[in-house]
Amino acid sequence: MKPIVVRVIRELPDRYTYDGWLWLDAYELSRKGEAVARRELFVMRDGVRVQGRRAATVGVG
């Protein structure tokens, strides 16, 4: 199975899961970091790897 890179939108806590598992609402990202598909993922919490966090830039003007 090939890993994918996603940007997590939120955890979906109202869904029933097994202990140590969770549902995530996320965008799958391309190699350029662009969102290419919206996904709902059922994952093991211990299997999720945080790659890095980029601060959002908001223009004021």
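Note: hydrogens, waters and symmetry copies are ignored here, and every other heavy atom, side chains too, is used. Along the sequence shown, residues are numbered consecutively beginning with 1.
- We find the CZ-CD1 distance between R39 and I9 to be 12.0 Å, quoted to the nearest 0.5 Å.
- Using a 4.5 Å cut-off on side-chain heavy atoms (C-beta onward), Y27 and V6 make no contact.
- The backbone N or O of D46 lies less than 3.5 Å from a partner atom in the side chain of R49, making a donor-acceptor pair.
- Looking at residues two or more places apart in sequence or on another chain, you find a side chain to side chain contact (heavy atoms under 4.5 Å, CB included) between V5 and L29.
- Hydrophobic clustering places V8 together with I4 (ILVMFWY residues linked when any side-chain heavy atoms are closer than 4.5 Å, directly or through intermediates).
- Applying the side-chain hydrogen bond (donor to acceptor under 3.5 Å, both in side chains) test to pairs two or more places apart or on separate chains, those with a residue in residues 5-18 are R10-D25, R15-E40.
- For the ring-ring contact (aromatic ring centres under 6.0 Å, His included) test, residues two or more places apart in sequence or in another chain that qualify with F42 are W21, W23.
- Within the model, atoms CG of L41 and CG of L22 stand 9.5 Å from one another, a figure rounded to the nearest 0.5 Å.
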